[in-house]
Amino acid sequence: MLHRITGRATKCGPSAISAIAGVPTHEAAAIIRRLYHRRAVNGVYMDELAAALAELGWTPDYTLRHPKYRERHYARRQAEWERLFSSVPFDIRAVTLGRFLDAAPPGTWAISASDHFVAYGDGHVADSGAWFSRRATPWSRANPDHGRTALRRVREAVRFVRISRRVEG
């Protein structure tokens, strides 16, 4: 189930984290800044998004990669990428966002398509407001706003599962 995206940060990476984990976007951006010693979060890679979600109690359990982009695994730290993704089963396949979402894959997904992150879960999509709403809405190709994004190429899609509740201290 996706959460409504809240918070001050408006970028797509923190928005996907917010939709999946239910934290405000500025908190998601703060986690990425802390983990990767970044001054600002203007864009993230899948490994950075996965590391932030791991901090919030989520782990990747399946990955779909586009054949053209399979060589670029990680953003800054190959060891971090290997820790997160080395044992995660994956398929390599070219697919559009519409074809991927029309199949209604089970689980909660972070999808990288055309340099943009989208969160998907239980038939609903959400993002930073660039393509979809910050509120999770049902995916439907019949929706004109959804139909215009259906032909975007999926670079990488990662299914995440909840491993633990985050402990507030």
Side-chain angles (χ1 to χ4, degrees), residues 1-7 9-23 25 28-29 32 36 38 40-54 56 58-76 81 84-85 88-161:
M1 177 180 132
L2 295 182
H3 300 273
R4 184 177 194 284
I5 297 170
T6 61
T10 60
K11 300 299 181 183
C12 61
S15 293
I17 295 167
S18 175
I20 292 170
V23 298
T25 56
I32 292 169
Y36 290 92
R38 293 173 63 177
V41 177
N42 291 322
V44 299
Y45 292 94
M46 187 60 82
D47 59 327
E48 294 171 325
L49 187 136
L53 282 170
L56 298 167
W58 292 80
T59 187
D61 90 324
Y62 176 75
T63 302
L64 176 73
R65 297 186 187 121
H66 190 282
K68 183 177 177 183
Y69 303 107
R70 72 173 181 238
E71 297 304 318
R72 183 166 169 78
H73 300 300
Y74 59 94
R76 290 174 174 72
W81 185 91
L84 292 166
F85 291 105
V88 175
F90 66 92
D91 283 331
I92 296 177
R93 170 173 76 143
V95 65
T96 63
L97 184 61
R99 181 168 287 188
F100 181 76
L101 296 178
D102 285 346
T108 302
W109 295 79
I111 304 164
S112 172
S114 302
D115 290 330
H116 184 72
F117 279 103
V118 174
Y120 172 84
D122 300 325
H124 291 74
V125 290
D127 77 345
S128 61
W131 294 352
F132 306 109
S133 172
R134 289 173 65 101
R135 182 182 309 265
T137 57
W139 165 259
S140 171
R141 203 184 275 253
N143 182 330
D145 291 333
H146 296 187
R148 68 183 173 88
T149 61
L151 296 178
R152 306 247 184 203
R153 180 185 320 181
V154 172
R155 289 179 170 224
E156 189 169 20
V158 178
R159 182 175 58 204
F160 288 91
V161 294

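Given the structure is predicted, the values throughout are model-derived calculations rather than measurements.
- Ser15 places a side-chain N or O within donor-acceptor distance of the main-chain N or O of Lys11, the cut-off being under 3.5 Å.
- With rounding to the nearest 0.5 Å, the separation of CD1 in Ile92 from CD in Glu156 is 10.5 Å.
- Within the 4.5 Å cutoff, no side-chain heavy atoms of Phe132 are placed close to those of Asn143.
- Residues forming a side chain to side chain donor-acceptor pair (under 3.5 Å) with Asn42 (at least two apart in sequence, or on another chain): none.
- Note that CG of Leu53 is 8.0 Å distant from CH2 of Trp58, once rounded to the nearest 0.5 Å.
- Listed by chain and residue number, Leu2, Ile5, Ala119, Ala126 satisfy the side-chain contact (heavy atoms from CB on, under 4.5 Å) test with Ala19 (two or more places apart in sequence, or in another chain).
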Quiz item: So Val44 and Ile32, side-chain contact (heavy atoms from CB on, under 4.5 Å) or not? Walk me through it.
Solution: CA-CA 8 Å; Val44 299; Ile32 292 169; 3.5 Å; yes

Practice problem: For side-chain contact (heavy atoms from CB on, under 4.5 Å), just list the numbers for His66 and Arg153, CA-CA rounded to whole Å, side-chain angles, deciding distance to a tenth of an Å, and then say yes or no. | Solution: CA-CA 8 Å; His66 190 282; Arg153 180 185 320 181; 3.2 Å; yes

Let me have the donor-acceptor pairs involving side chains of residues 94-113, under 3.5 Å, with sequence neighbours excluded, atom names and distances please.
from: Thr96; atom 1: OG1; to: Arg99; atom 2: N; distance (Å): 3.2
from: Thr96; atom 1: OG1; to: Ala150; atom 2: O; distance (Å): 3.4
from: Asp102; atom 1: OD1; to: Trp139; atom 2: NE1; distance (Å): 2.8
from: Asp102; atom 1: OD2; to: Arg141; atom 2: NE; distance (Å): 2.8
from: Asp102; atom 1: OD2; to: Arg141; atom 2: NH2; distance (Å): 2.6
from: Trp109; atom 1: NE1; to: Pro106; atom 2: O; distance (Å): 3.0

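- Two residues are said to be in side-chain contact when any heavy atoms from C-beta on lie closer than 4.5 Å; Arg38 and Glu48 meet this criterion.
- Within the 4.5 Å cutoff, the side chain of Val23 has heavy atoms near those of the Leu56 side chain.
- Residues passing the side-chain contact (heavy atoms from CB on, under 4.5 Å) test with Ala54, sequence neighbours excluded: Leu84.
- Proximity of Ile17 to Ile20: side-chain heavy atoms (C-beta onward) are nowhere separated by under 4.5 Å.
- Here the closest heavy-atom approach between residue Ala16 and residue Phe117 is recorded as CB-CB, 4.0 Å.
- Residues satisfying the salt bridge (Lys or Arg N to Asp or Glu O under 4.0 Å) test with Arg134, not counting sequence neighbours, are none.
- Leu64 places a side-chain heavy atom less than 4.5 Å from the side chain of Arg93.
- Under the rule for a salt bridge (Lys or Arg N to Asp or Glu O under 4.0 Å), Asp145 has no partner lying at least two apart in sequence or in another chain.
- By the side-chain contact (heavy atoms from CB on, under 4.5 Å) test, Thr10 pairs with no residue at all, sequence neighbours left out.
- Under the ring pair (Phe, Tyr, Trp, His ring centres under 6.0 Å) criterion, His116 pairs with Trp131, sequence neighbours left out.
- Applying the salt bridge (Lys or Arg N to Asp or Glu O under 4.0 Å) rule to Asp122 yields no partners; only residues at least two apart in sequence or on another chain are considered.
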Exercise. Just do the side-chain contact (heavy atoms from CB on, under 4.5 Å) check on Val158 and Met46 with the steps written out, would you?
Key: CA-CA 8 Å; Val158 178; Met46 187 60 82; 3.7 Å; yes

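- Side-chain contact between Asp91 and Tyr62: present, with at least one pair of heavy atoms (C-beta onward) separated by less than 4.5 Å.
- With sequence neighbours left out, the salt bridge (Lys or Arg N to Asp or Glu O under 4.0 Å) criterion links Arg152 to no other residue.
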